[in-house]
Number of protein chains: 2
Amino acid sequence: MMVSTKGRYALTVMVDLAKLSDGGYVSLSDIAERENLSMKYLESIISILNKGGLLQSLRGKNGGYKLARSPEEYSINEILLLTEGTLAPVNCIMQDGVQCEKAATCSTLPLWAGLDKVIEQYLSKITLDDIIKGNRKKMLGDYCDQCDSE
Amino acid sequence: MMVSTKGRYALTVMVDLAKLSDGGYVSLSDIAERENLSMKYLESIISILNKGGLLQSLRGKNGGYKLARSPEEYSINEILLLTEGTLAPVNCIMQDGVQCEKAATCSTLPLWAGLDKVIEQYLSKITLDDIIKGNRKKMLGDYCDQCDSE
DNA sequence: TATAAATCCTACCACCGCGGTAGGAATAAG
DNA sequence: CTTATTCCTACCGCGGTGGTAGGATTTATA
């Protein structure tokens, strides 16, 4: 499992906020109820998104959260990277370019590096807007068996 | 982390066996020593490869393991899938097509399905032979900064 | 100004998979 | 019959995942 519930719920929250982004603040309890998720657990996740600058928050009554930018300005890669810490498929690939000491002679390293790039490339080109618009062609590519009806 | 040491070591073993495949059996202790890995831990991993039919084994003195087929007939996807159980990037994607009960209304599902396909596609096209030949162009694609020297 | 509704902060915890270790039984070559 | 090997079962510490609990702080509104 590359993406745990932390990252998945984070994306769910971002999508939820993007769907009803009318400029107002949305409370955490509303989101948790709509998405049927534990509010307390969501709290810790939304805190990461907030501190990372992806959200704006307002405390006190009628407070809540809203997107800091418009949906097409968030890549999925950015959201997942912030919450998960890393999206590397294996331990021996670090995100900051640090390498294993056996790197020079490791014959499997190019494979892992290639896999990492493929994943990053995919997640970087998809935006929050693609998700709320249901852009299946972009997300599923040639494998989308329903794209001809769109 | 999508691929744990179990899958990584499994691939290392397969690559090791592929590199010196002269038809004879190679002992586990030889592999462990060459790759500098715990022999006892490797034992449990190579057992999975053996039971899965990827290897042939011979017990007793001068026994060991060897590849059941030639290197170009193994996809990396096959090796990792067997040892890891699943390569799905998230919990809500099952490998046998089973779906979450919210699947019909889940707006993030196409993203995870697309990511899963991208990963599977990449790992399926690379073979054990590509790794021992060091086929960087195939593994690293456009990102290979050393491919022009080949 | 009191109250309610919300974010923010710190601490805690059960469970499970990962990454091994240990010891011995069965098998085959010499 | 000894030695080298695979094969099998059992065990275990550690850290991360997926939460829960409780309260402090901030803000809008009656």
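Proteins come first, then strands; the chains are lettered A, B, ... in the order of their sequence lines, and each starts at number 1.
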- request: Looking only at side-chain atoms of A:Y41, point me to the closest of C:dA25, D:dG18, C:dT7.
  value: D:dG18
- request: Side chain of B:T5 only, please: which of C:dG19, D:dT6, D:dG18 is the nearest?
  value: C:dG19
query: Would you say A:Y25 reaches D:dT27's phosphate, i.e. side-chain N/O to OP1/OP2 under 4.0 Å?
result: no
query: Between A:S47 and B:G60, which has a closest nucleotide on DNA chain C that is more 5'?
result: A:S47
message: Between B:Y65 and D:dT5, is there a contact of a side-chain N or O with OP1 or OP2 at under 4.0 Å?
response: no
Separation of C:dC18 P from B:E84 CD (nearest whole Å): 7 Å
field: Nucleotide of C:dA5, C:dG19, D:dT26 approaching A:K61 most closely (side-chain heavy atoms)
entry: C:dA5
message: Rounding to an integer number of Å, can you tell me how far A:M39 CE sits from D:dG22 C1'?
response: 13 Å
task: Return no unless some side-chain N or O of A:N50 is found under 4.0 Å from OP1 or OP2 of C:dC8.
output: yes
- request: Could you check B:T5 against B:Y41 for side chain to side chain donor-acceptor pair (under 3.5 Å), going step by step and ending with a plain yes or no?
  value: CA-CA 10 Å; B:T5 59; B:Y41 184 36; 3.2 Å; yes
task: For the side chain of A:K40, starting at C-beta, report the closest nucleotide among C:dT27, D:dA24, D:dT20.
output: D:dT20
- prompt: So, is B:S4 near the phosphate of C:dG19, with a side-chain N or O under 4.0 Å from OP1 or OP2?
  reply: yes
- request: Rounded off to whole Å, could you give me the CG-to-P distance for the A:L42 and C:dC8 pair?
  value: 13 Å
field: For atom CD of B:E33 and atom P of D:dT5, their distance in whole Å
entry: 11 Å
message: What is the separation between atom CG on A:L37 and atom C1' on D:dG18, rounded to the nearest whole Å?
response: 12 Å
- request: May I have the distance from A:K66 (atom NZ) to C:dA6 (atom P), rounded to whole angstrom?
  value: 17 Å
- request: On DNA chain D, check which nucleotide each of A:N62 and B:I46 is closest to and give me the residue with the more 5' one.
  value: B:I46
- prompt: Is A:E78 salt-bridged to A:R69, going by a charged N under 4.0 Å from an acidic O?
  reply: yes
query: Between D:dG19, C:dG20, C:dG19, which one does the side chain of B:S38 approach most closely?
result: C:dG20
message: For C:dT27, does the base pair up with any side-chain atom of B:R59 as donor and acceptor (N or O, under 3.5 Å, distance only)?
response: no
- prompt: Between A:K125 and A:M139, is there a donor-acceptor pair closer than 3.5 Å when you use the side chain of the first and the backbone of the second?
  reply: no
- prompt: Atom CD1 of B:I48 and atom P of D:dT6: how far apart are they, to the nearest Å?
  reply: 16 Å
- prompt: Can you tell me how far the OG atom of A:S107 sits from the NZ atom of A:K102, to the nearest 0.5 Å?
  reply: 11.0 Å
query: Taking the side chain as C-beta and beyond, is there a heavy-atom pair between B:V26 and B:Y65 under 4.5 Å?
result: no
- prompt: Do the side chain of A:E72 and the main chain of A:T127 share a donor and acceptor less than 3.5 angstrom apart?
  reply: no
query: So, is B:S57 near the phosphate of D:dC7, with a side-chain N or O under 4.0 Å from OP1 or OP2?
result: yes
- request: Would you kindly give the CD-to-C1' distance between B:E43 and D:dA4, to the nearest whole Å?
  value: 13 Å
